[in-house]
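Keep in mind it's a predicted model, so treat the numbers as computed, not measured.
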Amino acid sequence: MRLISAAMRSKLLKYGIVGMFGAFIHFIALILLVEAAGIAPVPASIAGFVLTVIAQYGLNRRWTFRSNARRSTEFLRYAIVSVSGLLLNALVMYVCIEWLSLHYVIGQALVMTIIPLSNYWWNRAWTFRIGDAVEVMTPRTDAKS
């Protein structure tokens, strides 16, 4: 029994690469806006987040999920998933720090595990509407014992 198919592993890897690229874009935008443009860090981070969502949407649409659906609907869904991930990020960090008294780095490590997996699943199942989003735990029927 395979827990994750080769196709899903490939998509997860691509999604991870796009995510790392997005993190790079976010940091570069943040640093440039703060250091070169003199913008305060919080608005600069928000601007970096928006830029990252746009860049990641394009890469995930064309490369990860190879979608050809209507862009306006897909982008709205992608934005909803991304903002939901941002809110879930804040919630997980708050719970880890304020309720569980964990160090913020541990909280961020949990965030960096939970949010990408959650966003991947929602983007796969809803944004880009891939019908086999539940294949993760589906046993192979052709496997020999």
Side-chain angles (χ1 to χ4, degrees), residues 1-34 39 41-145:
M1 174 172 83
R2 285 188 184 173
L3 294 180
I4 300 176
S5 71
M8 181 173 271
R9 278 194 304 272
S10 174
K11 283 187 175 91
L12 277 168
L13 178 62
K14 288 177 180 180
Y15 194 82
I17 291 169
V18 170
M20 288 186 289
F21 176 72
F24 176 76
I25 294 290
H26 197 156
F27 272 101
I28 294 298
L30 172 67
I31 292 165
L32 286 175
L33 289 172
V34 170
I39 296 174
V42 171
S45 183
I46 291 168
F49 174 80
V50 170
L51 182 63
T52 298
V53 167
I54 293 166
Q56 287 181 320
Y57 166 73
L59 289 169
N60 278 317
R61 181 179 201 281
R62 290 182 183 267
W63 188 49
T64 306
F65 297 105
R66 297 180 188 226
S67 176
N68 58 5
R70 211 167 127 208
R71 290 180 196 197
S72 59
T73 303
E74 262 186 0
F75 183 75
L76 178 61
R77 288 179 179 182
Y78 193 85
I80 290 169
V81 170
S82 296
V83 170
S84 298
L86 180 64
L87 295 173
L88 183 57
N89 178 338
L91 176 66
V92 170
M93 284 297 285
Y94 181 82
V95 168
C96 286
I97 294 166
E98 299 299 328
W99 291 3
L100 302 176
S101 299
L102 297 175
H103 192 273
Y104 73 91
V105 173
I106 294 171
Q108 187 63 35
L110 288 171
V111 161
M112 292 178 73
T113 303
I114 295 167
I115 307 309
L117 292 173
S118 170
N119 282 5
Y120 173 81
W121 189 88
W122 282 107
N123 281 317
R124 182 176 167 84
W126 185 55
T127 303
F128 299 105
R129 290 203 184 253
I130 295 174
D132 59 347
V134 294
E135 77 175 283
V136 175
M137 298 302 286
T138 305
R140 289 184 54 191
T141 56
D142 65 337
K144 296 180 181 178
S145 298

Check your understanding: Going from CZ on R124 to CG on L12, what distance comes out if it is rounded to the nearest 0.5 angstrom?
Key -> 7.5 Å

Revision key, fill the gap. Taken to the nearest 0.5 Å, the spacing of N123 CG from W121 CH2 works out to 11.0 Å

Review point. Counting distance only, does the side-chain N/O of R61 pair as donor-acceptor with the main-chain N or O of F128 below 3.5 Å?
Key: no

**Study point:** Spatial distance of atom CZ (R71) from atom CG (N68) [nearest 0.5 Å]
**Key:** 10.0 Å

Check your understanding: Where is the tightest heavy-atom contact between S82 and N119, given as atom of each residue plus distance?
Key -> CA-ND2, 4.4 Å

Check your understanding: Measuring from Y104:OH to M93:CE, what's the distance to the nearest 0.5 Å?
Key -> 8.5 Å

**Study point:** Note, H26 side chain near S45 side chain (heavy atom, < 4.5 Å)
**Key:** yes

**Study point:** V92 versus G107, closest heavy-atom pair with distance
**Key:** CG1-O, 4.5 Å

Exercise for review: With side chain to side chain contact (heavy atoms under 4.5 Å, CB included) as the test, would you mind laying out the steps for I114 and L88 before giving the verdict?
Suggested key: CA-CA 9 Å; I114 295 167; L88 183 57; 4.3 Å; yes

Exercise for review: Write down the atom of Q56, the atom of V18, and the distance for their closest heavy-atom approach.
Suggested key: NE2-O, 3.3 Å

Check your understanding: Ignoring hydrogens and geometry, is there a side-chain-to-backbone donor-acceptor pair from S84 to I80 under 3.5 Å?
Key -> yes

Check your understanding: Which atoms form the tightest heavy-atom contact between R77 and W126, and what is the distance?
Key -> NH1-O, 3.1 Å

Review point. Taking all non-hydrogen atoms of both residues, which atom of V53 and which atom of Y78 are closest, and how far apart?
Key: O-CE2, 3.5 Å

Review point. Does T52 reach the main-chain N or O of G48 with its side chain, forming a donor-acceptor pair under 3.5 Å?
Key: yes

Check your understanding: Taking it one step at a time, do T64 and L59 satisfy side chain to side chain contact (heavy atoms under 4.5 Å, CB included)?
Key -> CA-CA 7 Å; T64 306; L59 289 169; 5.9 Å; no

Exercise for review: Search all heavy atoms of P41 against all heavy atoms of L30 and return the closest pair with its distance.
Suggested key: O-CD1, 3.6 Å

Point to revise | M8 CE to L13 CG distance, which is reported to the nearest 0.5 Å | key: 13.5 Å

Revision key, fill the gap. One should read off an interatomic distance between M20 CE and Y15 OH, to the nearest 0.5 angstrom, of 13.0 Å

